[in-house]
Amino acid sequence: MTKQVQQLDRVIIRFAGDSGDGMQLTGDRFTAGTAEFGNDLSTLPNFPAEIRAPAGTLPGVSSFQLHFADHDILTPGDAPNVLVAMNPAALKANLGDLPRGADIIANTDEFTKRNLQKVGYDGNPLEDDTLGEWRVHAVPLTSLTVRALEGFDLSKKDAERSKNMFALGLLSWLYHRPTEATISFLEQKFAKKPDIAKANIAAFQAGWNYGETTESFSVSYEVKPAKLPPGVYRNISGNQALAYGLIAASVQSKLPLFLGSYPITPASDILHELSKHKRFGIRTFQAEDEIAGVGAALGAAFGGALGVTTTSGPGVALKAETVGLAVTTELPLIVVDVQRAGPSTGMPTKTEQTDLLMAMFGRNGESPLPIVAPMSPSDCFDAAIEAARIAVKYRTPVMLLSDGYLANGSEPWKLPEISELPDISVAYTTEPNAEDGTFLPFKRDTETLARPWAIPGTAGLEHRIGGIEKADGTGNISYDPNNHDRMVRVRQAKIDGVDVPDLQVDDPDGEAKVLVLGWGSTYGPIAAAVRRIRKSGGKVAQAHLRHLNPLPANTGEILKSYDKVLLPEINLGQLALLLRARFLVDIISYNRVRGLPFKAEELAGVIQDVIDGD
Amino acid sequence: MTKQVQQLDRVIIRFAGDSGDGMQLTGDRFTAGTAEFGNDLSTLPNFPAEIRAPAGTLPGVSSFQLHFADHDILTPGDAPNVLVAMNPAALKANLGDLPRGADIIANTDEFTKRNLQKVGYDGNPLEDDTLGEWRVHAVPLTSLTVRALEGFDLSKKDAERSKNMFALGLLSWLYHRPTEATISFLEQKFAKKPDIAKANIAAFQAGWNYGETTESFSVSYEVKPAKLPPGVYRNISGNQALAYGLIAASVQSKLPLFLGSYPITPASDILHELSKHKRFGIRTFQAEDEIAGVGAALGAAFGGALGVTTTSGPGVALKAETVGLAVTTELPLIVVDVQRAGPSTGMPTKTEQTDLLMAMFGRNGESPLPIVAPMSPSDCFDAAIEAARIAVKYRTPVMLLSDGYLANGSEPWKLPEISELPDISVAYTTEPNAEDGTFLPFKRDTETLARPWAIPGTAGLEHRIGGIEKADGTGNISYDPNNHDRMVRVRQAKIDGVDVPDLQVDDPDGEAKVLVLGWGSTYGPIAAAVRRIRKSGGKVAQAHLRHLNPLPANTGEILKSYDKVLLPEINLGQLALLLRARFLVDIISYNRVRGLPFKAEELAGVIQDVIDGD
Amino acid sequence: MTELVNGKGLSLIPKSDVKQGMKDFKSDQEVRWCPGCGDYAILAAVQSFLPELGLKRENIVFVSGIGCSSRFPYYLNTYGFHSIHGRAPAIATGLAASRPDLSVWVITGDGDALSIGGNHLIHALRRNVNLNILLFNNRIYGLTKGQYSPTSEIGKITKSTPMGSLDKPFNPISLALGAEASFVARTIDSDRKHLQSVLREATAHRGTSLVEIYQNCNIFNDNAFEQLKDPEIRDDITLRVEHGQPIQSASKAVVRSADGGIEVVDRASVAEADILVHDAHRADPSLAFALSRLDEPAFEHVPIGIFRQIDRPAYDVLMAEQMEEAKAQQGPGELSDLLLGGDTWRIG
Amino acid sequence: MTELVNGKGLSLIPKSDVKQGMKDFKSDQEVRWCPGCGDYAILAAVQSFLPELGLKRENIVFVSGIGCSSRFPYYLNTYGFHSIHGRAPAIATGLAASRPDLSVWVITGDGDALSIGGNHLIHALRRNVNLNILLFNNRIYGLTKGQYSPTSEIGKITKSTPMGSLDKPFNPISLALGAEASFVARTIDSDRKHLQSVLREATAHRGTSLVEIYQNCNIFNDNAFEQLKDPEIRDDITLRVEHGQPIQSASKAVVRSADGGIEVVDRASVAEADILVHDAHRADPSLAFALSRLDEPAFEHVPIGIFRQIDRPAYDVLMAEQMEEAKAQQGPGELSDLLLGGDTWRIG
Ligand SMILES: Cc1ncc(C[n+]2csc(CCOP(=O)(O)OP(=O)(O)O)c2C)c(N)n1
Ligand SMILES: Cc1ncc(C[n+]2csc(CCOP(=O)(O)OP(=O)(O)O)c2C)c(N)n1
Ligand code: SF4
Ligand code: SF4
Ligand SMILES: [Mg+2]
Ligand SMILES: [Mg+2]
């Protein structure tokens, strides 16, 4: 029997199962196939809370959402069209996000009495009318997999493990995904265990054939490749892009990279990634704590390295004193804060934008530093290079504000031309800089106000720096009141003078009265919402701040040129506070602090309300 | 020969000498005599940089300034009328502050070639015309002292040590200070060494007689007692008043005081003071670092104590993570920040107001807490009680922002009536609070939004708290998005709802167009400046914020009711930023970050300029 | 209060007047560790041990840092504080120093206690704060999904050390002894009887008792302590360290070596009388320290038991004494006296 | 680079081609300690020792924390970093790990190193970072004007402990040995010859060398080490700990005690041959640890010298090795390879 093929412009799939079910891997593979096929895509993994919960329980549910389309898209999507539920917990945990009429593919084998009770289902939702409003496909994924693998000499347990590949095969059939990449991937992954490799491939193909042959799926879907700008692409997550950006910054600055870090969710993967690339002359140091991590990075920077420390909110708090030392000794340093839900331990695996004001003000004394924030997973690459550029050019710690959503989310990334990456190299100071032939460690570049960077090993420039106030020029300890006032202002002036590009506004016909402003990871949902408004004929302008400190020179002017400025933030209005104070503009804040990214639909509604003026 | 007596309404004296010369003691004693005599007064000690420098060098100079008058005064005075210079370094270091025509009493014995060279004097300023514009009294203090003590069997060195008492005697004569208190003080201080006591007393009297008998002083001065409100007074420094305030808070809250602290300038004296009063059931714990200090205080608070930690800027930065834990576990805690010049180590012995924004925002996540700032040394007593009141009533960490100027400066303090001190006691929770008879550690008081404070040892209320987000009510770990948003907002609402008194404006005839606003230790100089303006017929209103978070309800209304609002701060405009953001009022900032308090004259000039509108 | 000052063991902690069972110490929270995690065994061991102490449940507090192990307090129906990473000893110090009537436990991991929290740990030990510290040593960072820890062996391949770790690990027993600890022991998750026997002594010890518990993380560092569990060899490699007993395993024994140190020899090769008899009460920690070095290189033989157990005044008691003394000398605090203390004068 | 990998002692640090003198190491900054402070003697000892190393001055870096002692770097005409309280070992770790061509010194105090900085110190020791750590132990907080420190004796009356301190002090030597230190020594400010002999060994040691220096704070803790300076008794109470030499003072000697430990006895009462001969190179730190306990109770006899000195690869060398290996295996890093590394596809 030939099956009907339906064309779609976009699909949102969510794979959900137990932590042990390998949903993240399944999602990754489906993403790879989708990328290879040429769709635009965006993903959102959702890990269970810190600790692995017992199998089959709600806290143990792990999910992976993928949005792919025949046009360029901006978010992992608001609501799934298809939910793959590997067990009752997965169904229950995700049903709330599922719009009526969506497809549910449920692994009936796991809907046992015990598993149902574990999550508080009295009856079996697959049998009673609980799911009346959805299109349910009940598939005994586990047993089908086991049967498919009967030929192999595998324990039942091992065979069952492959059920996620069966599901992947089924979905690949359902959406016409290419299969080669997945097969070769499995061959590589289990190179050492060819039986396991074969079994997984068999399960994968069995899933495909199941879709092809059985009744339960009458329709399959096609999503044409997207017309993306030509180039070589790969799919990349924010943490990986950020790590690559740091490596690129090291190459482009000709400075050896030294990472001093202490593991913390959701930043750890940057440490993991960088530790794999020692051949770039990278040193990764897992310190005893965050303070030692940043301390070591600062020490390395004093020695001429590109010093980096990576962490999340609680770690930034701990590093504050040492970052203050970097501010006053005016050494280059990159502090990466992958923000997570706070306060305190908060919700480590959830995203938030609540560290902006800590980044600005979380140190004793007047202690200014530049702040850069990436706007998408792949943008973490460029943002890292930009942070490094500022750090080495101005000899200052720079705060790079990523977040949990960017860190783990992924999207296709058009690889940059290496030749087009900026040269951010600076020369160490090697000669005395004073008329009298002596060396003045705090004599500044008249344009950038940066002080010389003379590293140990340089003859004749021996000098001492420290955290006590320094005399302008000589850098000797000084308690002179006027010198202190001058130094406080010059440190501020140096940061205020950092060269940042103007803020770009997207206002197609220049008729918008409302500007939607954003920063960081909210770019995708905001842009998607703006599109919706415009599609429905509404007029709205959009601008997104990449530099939070200093702000682009034209920021105030732009804010004042619109009747209303709407600023959605995943905090209680932190950027709004800075902009209101600076420009006395009555910014309209929209704040939700749910540990999740905004949804495009949600924001579209908010924007419309502002346009309509209520 | 009888000497002329001249009446003065106010005098500013500065004692200056080597770290070893005992200038602080001399100043203290003169202050005591002056207080006893009934003048109003204000003092400003000025310690040398952290480390004791070699004798006779500029960095080694220690000084003590005292302002006393026959009327109430507000500051230690801008410029001294009299400088007592115990050596050339003391002269050189302080001459710049000395208005033309002021008196200089110099210890000629120390103006040796070697000492002069040490500080870069080619000639002897006492002999050449360097001091032409001042009234110099050259007195061989050292040799006179030694001669006066010939009778005693003392080494020359020991005899010389008493020269500061000789100087004190001379000044006491010059300004008609009572002598009994000083004599009995010396008897007590050296009770164990009666010879030393006698020697010092002899030196003191010799100094007095020297003034009485020699030519070199033709005039002596009288400053009549001030008409201060009736009551019992004592002279007190900010750190001592703050320590006493904490003890009073412990008594008035009926909670045992637990101080967890790590020494740091200029906060250490609070630890020292509290450690003397164990009989009040106070526990003082010198921790291994600041983090342990606040951690122990928080642990004690969980156990039902009034937990306090005292530190300065660098310590506050280190404590941030733990303070965030206090915010989210909603336990009472007092964090005292005696601000000093930053960033980083900065200038530890100098004052500054640069930690306000760190206090507000220096923690990861949305982590609000109340902030209280005393306005004068004696006000530290009341501010400490107010901080404790808020902490225990609302179960929240409270930041108490003192500074180096308040900490070491002193003024007469009218002792409060114990009976009139506020009762700030709260009851621990001892009963289940849920309908079903269970205990909900995060079920809030509907009015204050405070959660119950149930301490270990209370049967039936066993519960667990922690830094992970908590389910509203039960306090169980929760990763529910809406719960998190709700909790973030309720924590904010609790702090926003703290009951703080309205802001009082001093605007005598209500005709002022300009309001001068201030916070913390700038009260004295601002008020003194305002007086000057009004004396010269100008009209200006003054208001001083004691609560920085939340702000008094009427703050915005007051700011908007004046044409111009001037806000002098010893930072780059931190409170201004908060007020501008909140009320969109174009505050005029006046900022000097010199590590020193403002001068009344300086501010009067600024206010006048604002009034005149340039 | 003088009772307090002389407080030893559990004497200052109110006793329960009802008989308790294991279930009395289980909270209503679902336990959330990976299936097979060694933490389950430790939890069960503690829950079934606590009733034996007969203390009022409300006077027991578990304080933890952050880590898988640090979730422990949620599962006990006592007071609990799941604090922040590495700071539990500091927080518990404030609680224990100000509340002598509480039994305060610290639950921590090898990263929590020895990496970020190392300083608080060694200071608690030298101060001898009244704490029972259980250090769950799985030689890995569990919660953050598998980086090496300060107890991981050199060359450990982990997420953060793809080419192997470089740092020489701490020996927690040696470190504690170097930090003036008054009670130091080691036990293992799988041996409930031994674990509880150690807890018995640890709780009877007023002051800081540090108990290192070898704990299996079956997800990120499985079988780290397999040899000690393998019925084939465990009795041969486990050197029992018990006060007053010869230090030996089924087949090995500890004796003085020629050069004056100590060494492990074939038990058959020495006379019973020559086997070193353990004295945990020695004032000098040197011998205990020497014993702690016997598990170098890992697992040819591992000393398990109580290395050191000496009497030293606990911090809370010393603090209380000074308060007592101050009151005795100056009388209880009077606010008015305090304020009137300095030079005062009256106006009007 | 393989030279680096095999780097021992000072081999990786460029030598000066000019002859150096003490003055070459004096900076133009006026020294600002209290007259009579022991820091002056240590400064002079270091300044006059450095020329002997013959290193390029610009390849020497002094890193310090905060404290009187931590002002040290300002007075040396080398590179210097006066950092923040307690963090010098961490900052120096980053510098030393990334710059094997530098001689990195850490100057710290008993509060800086053992109170707030304790954790960084013990981790630097176990990692064996290539540092010379000079711990100025004056048993007090000098810079903050006299509070007790982690090395102050129990019962110490200070500004923060008017009734006496309660905390048992650390023995820095014991603590370091418990933290896997490869080089541990003690000397004293007043004995320049001995101080310099220790520095000679410490600088020759690639890895972390911890040198505790008893230092007199004549303002807040005067004469803390008086006995060791008093010509009357110092030779009797100072037990010289030197590799290969019998451990003894003028009148006392260290021998094995009956119970297998070690003890100090009247030298006359034992035969030369029975005096314990020091072996600083033992793999097992137990004996060194036992020696470190001999200064309990304070100053009846104090072991001075090099307790432990063993060869262990330094952290910077191990890091360099892994980089070498990575390059050897995968070739030097190429950005384009990196970016093209994953699954890629071409559009258009
Ligand atoms: C300040 C801070 N830094 C880092 C982390 C991340 N973190 C949580 S637990 C942990 C280490 C866990 O290892 P361990 O203490 O051995 O406990 P285990 O999970 O193995 O039981 C780390 C690094 C954190 N939560 N807070
Ligand atoms: C973060 C921080 N906490 C506290 C201080 C205050 N402080 C400066 S030095 C010091 C201790 C000094 O003692 P030690 O390390 O023994 O050095 P010494 O002055 O005795 O040489 C303290 C507590 C500080 N500067 N920074
Ligand atoms: S990760 Fe390891 S330590 Fe953590 S719960 Fe799982 S098995 Fe236990
Ligand atoms: S206070 Fe003590 S340690 Fe500091 S400089 Fe003076 S004498 Fe030396
Ligand atoms: Mg662990
Ligand atoms: Mg010291």
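Model, not experiment: these values are computed from the prediction. Only this structure's heavy atoms are used, side chains among them; waters, hydrogens and symmetry mates stay out.
Ranking Ala290(D), Gly117(D), Ala176(D) against chain C, the residue ahead of the rest is Ala290(D), based on heavy-atom pairs under 4.5 Å. Interface summary for chain C: among Leu166(D), Leu175(D), Leu318(D), the most heavy-atom pairs under 4.5 angstrom belong to Leu166(D). Of the listed residues (Arg282(C), Arg127(C), His123(C)), the one with the most heavy-atom contacts under 4.5 Å to chain D is His123(C). Across Leu287(D), Ile122(D), Leu177(D), the residue that shares the most heavy-atom pairs under 4.5 angstrom with chain C is Ile122(D).
Under the 30°/60° scheme for interplanar angles, the aromatic rings of Phe289(C) and Phe289(D) are found to lie parallel.
For a heavy-atom cut-off of 4.5 Å, chain D lies close to Pro150(C) in residues 150-160 of chain C.
Contacts between Leu114(C) and chain D at a heavy-atom distance below 4.5 Å involve the backbone alone (N, CA, C, O). With a 4.5 angstrom heavy-atom cutoff, Ala326(C) touches chain D via backbone and side-chain atoms both. Neither the backbone nor the side chain of Leu125(D) comes within less than 4.5 Å of any heavy atom in chain C.
Listed by chain and number, the residues in a salt bridge (Lys or Arg N to Asp or Glu O under 4.0 Å) with Arg256(D) amount to none (sequence neighbours excluded). For Arg186(C), the salt bridge (Lys or Arg N to Asp or Glu O under 4.0 Å) partners are Glu212(C), Asp295(C), not counting sequence neighbours. Applying the side-chain hydrogen bond (donor to acceptor under 3.5 Å, both in side chains) criterion to Ser209(C), with sequence neighbours excluded, gives Asn132(C).
The distance from the CE atom of Met163(C) to the CE atom of Met319(D) is 12.0 Å, given to the nearest 0.5 Å.
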